[in-house]
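Right, I'll just put the structure down here and ask away after.
We're numbering straight along the sequence, starting at 1.
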Amino acid sequence: ADGGETELELCPVRHQPEGLEQLLARTKFSKQELQALYRGFKNECPSGLVDEDTFKLIYSQFFPQGDATTYASFVFDAFDADGNGALCFQDFAVGLSVLLRGTVQQKLKWAFDLYDINKDGCITKEEMLEMMKSIYNLMGRCTHPPLRDSAPAEHVDLFFQKMDRNGDGVVTFEEFLEACQK
């Protein structure tokens with residue numbers, strides 16, 4: 001007799017992935033590969049969702065000598081196709097499929113979308129400078145020879161010399177694709 005009080009069992013909210021058949025159609029992975037990826041994903045992320053902070057933590061383990069925070073945030077945004085602030089298994093599988101098995105054009109589109117931070121369809125010098133700084137931070141200060149502080153800006157200038165074909169100060173996907181394919 002507990003006075004009529006009921007015990008509530010709290011369960012974490014779990015994300016239910018779309019069916020295997022839909023993922024087979026949306027990716028270039030086999031059934032066995034998707035099942036193996038899903039097991040690994042669920043092992044690391046039992047709720048079925050990865051938020052940005054968790055993604056940054058996981059990503060930083062691959063780059064212990066540097067600061068992966070900003071770059072990981074950009075990669076998270078590139079994987080988060082629906083922009084809802086969480087990666088589900090579908091986001092992960094579709095993005096990974098493009099990176100590992102996509103055509104050259106699909107891979108270049110993914111890279112372009114990564115660099116297009118505000119998702120307006122073009123890359124500005126400011127966006128590219130943010131990206132370059134995040135990459136240099138990712139590598140850390142342990143590089144030999146040591147990098148100059150001006151290295152990211154110099155990298156951006158070279159990028160725009162090669163990519164900005166019409167000299168308008170922004171790089172469109174068409175310019176990016178054409179320059180990369182050369």
Can you tell me if Lys28 uses its side chain to pair, donor with acceptor, with the backbone of Val98 under 3.5 Å?
->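 Checked: no pair found.
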Below 4.5 Å, heavy atoms only, C-beta onward: do Val171 and Phe159 meet side chain to side chain?
->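 SC-SC contact between Val171 and Phe159 confirmed.
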For residues Leu114 and Ala78, report the shortest heavy-atom separation together with the two atoms involved.
->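 Nearest pair, atom of Leu114 first, then Ala78: CD1-CB, 4.0 Å.
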Which pair of heavy atoms, one from Leu23 and one from Gln90, lies closest together, and at what distance?
->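 Smallest heavy-atom distance, with atoms named: CD2-CG, 4.0 Å.
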What salt bridge (charged side-chain N to carboxylate O under 4.0 Å, His left out) pairs are there with at least one residue in residues 76-101, not counting sequence neighbours?
->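 Checked against salt bridge (charged side-chain N to carboxylate O under 4.0 Å, His left out) - neighbours excluded - the pairs reaching residues 76-101 are Glu33-Arg101.
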Answer yes or no on whether Lys42 is positioned over the face of Phe89, meaning its NZ or CZ is under 6.0 Å from the six-membered ring centre and within 45° of the axis.
->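 Pair Lys42/Phe89 does not count as cation-pi.
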May I ask you to decide if Asp120's main-chain N or O and Asp116's side chain share a donor-acceptor pair within less than 3.5 Å?
->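 Side chain of Asp116 to backbone of Asp120, a donor-acceptor pair under 3.5 Å: yes, one is there.
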With a 4.5 Å limit on heavy-atom distance, are the side chains of Phe76 and Lys56 in contact?
->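 They are not in side-chain contact.
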Which atom names give the shortest non-hydrogen contact between Phe29 and Leu34, and what distance separates them?
->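 Reported closest heavy-atom pair: CB-CG, 3.7 Å.
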Nearest non-hydrogen partners of Phe41 and Cys88, listed with the distance =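 Shortest heavy-atom contact: CZ-C, 3.8 Å.
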What heavy-atom pair brings Phe176 and Ile123 nearest, and what distance separates the two atoms?
->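 Heavy atoms of Phe176 and Ile123 come nearest at CD1-CD1, 4.4 Å.
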If we only count heavy atoms from C-beta on, is the Glu174 to Glu178 side-chain gap below 4.5 Å?
->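 Counting from C-beta outward, Glu174 and Glu178 never come under 4.5 Å.
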With a 4.5 Å heavy-atom cut-off, do Leu87 and Glu52 have their side chains touching?
->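 Answer no - side chains too far apart.
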Of the non-hydrogen atoms in Phe79 and Leu96, which two are nearest, and what is the gap between them?
->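 That would be CE2-N, 3.6 Å.
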Do you reckon Leu57 sits in the same ILVMFWY cluster as Leu49, going by side-chain contacts under 4.5 Å, direct or chained?
->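 In one cluster: no.
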Using modelled atom types only, decide if a donor and an acceptor are shared between the side chain of Glu127 and the backbone of Ile117 within a distance under 3.5 Å.
->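 Yes.
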Cluster check Phe55, Ile135: I/L/V/M/F/W/Y, side chain < 4.5 angstrom =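 Yes: a chain of side-chain contacts under 4.5 Å links Phe55 to Ile135.
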Identify whether Val170 and Leu158 are in the same connected component of the hydrophobic contact network (ILVMFWY, side-chain heavy atoms under 4.5 Å).
->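 Hydrophobic grouping puts Val170 apart from Leu158.
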Determine yes or no for a side-chain-to-main-chain donor-acceptor pair under 3.5 angstrom, with Ser97 supplying the side chain and Val94 the backbone.
->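 Pair absent, no side-chain N/O of Ser97 close to backbone of Val94.
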